[in-house]
Amino acid sequence: QVQLVESGGALVQAGDSLRLSCAASGRTFSSYAMGWFRQAPGKEREFVATISRDGITTYYAGSVKGRFTISRDNAKNTAYLQMNSLKPEDTAVYYCAAGLVGGYSDYGWTYWGRGTLVTVSS
């Protein structure tokens, strides 16, 4: 069992940077791929980024590639999402997820956090 708690969401202006954290409980954090998803008001949840168990392999949605960076610290049981050059369209609730399969859809992820709100004003 893994519990995930996101933090770091805030109200920022366009062009600002923000770092989200996802703290995981349990001793098996390094066994799971980690991912970030987001859900904007009135829209379905969408994939943002994922990182492999060893932190070597990462994938990004096209809309955030080059602006966002996913990372993890297995010693601290924490995953991060560094978000630079934020845009109003990045406004959403951001969720972290852990899973043995991973991937771009919800189905490969077993554990989810409750989310943290990021609001980007223009």
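What's counted below: heavy atoms across the whole structure, side chains too, no hydrogens, waters or symmetry copies.
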[X] side chain vs [Y] backbone, donor-acceptor pair below 3.5 Å:
X: Q82; Y: T69; value: no
X: S52; Y: T57; value: yes
X: T116; Y: G9; value: yes
X: W109; Y: G103; value: yes

d(E6 CD, L117 CG) to nearest 0.5 Å is 11.5 Å

dist R114:CZ -> C96:SG (nearest 0.5 Å) comes out at 12.5 Å

In Y94, Y95, W112, the residue satisfying ring pair (Phe, Tyr, Trp, His ring centres under 6.0 Å) with F37 is W112

For the student: nearest non-hydrogen atoms of [X] and [Y], plus distance:
X: T91; Y: V120; answer: OG1-N, 2.9 Å
X: A98; Y: M34; answer: CB-SD, 3.6 Å
X: V2; Y: A24; answer: CG1-CB, 4.1 Å

For residues [X] and [Y], determine if any side-chain heavy atom of one lies less than 4.5 Å from a side-chain heavy atom of the other.
X: L100; Y: Y32; value: yes
X: N84; Y: S17; value: yes
X: W36; Y: F68; value: no
X: F29; Y: R53; value: no
X: M83; Y: L20; value: yes

Across all chains, not counting sequence neighbours, the side chain to side chain donor-acceptor pair (under 3.5 Å) partners of D106 are R45

message = If you take the centroid of each ring, where Trp contributes its six-membered ring, are Y60 and F47 closer together than 6.0 Å?
response = no

Check: D73/T78 side-chain N/O donor and acceptor closer than 3.5 Å: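 No, no side-chain donor-acceptor contact under 3.5 Å.
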
Within a reach of under 6.0 Å around CD of Q39, are more than 12 heavy atoms found that belong to other residues, nucleotides or ligands?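 Count over threshold, so yes.
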
Residues at least two apart in sequence or cross-chain that pass salt bridge (charged side-chain N to carboxylate O under 4.0 Å, His left out) with E46, listed by chain then number, are R38

Item checked: Non-neighbouring partners of R67 that pass salt bridge (charged side-chain N to carboxylate O under 4.0 Å, His left out), sequence neighbours left out ->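 Once residues adjacent in sequence are excluded, the partners of R67 under the salt bridge (charged side-chain N to carboxylate O under 4.0 Å, His left out) criterion are D90.
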
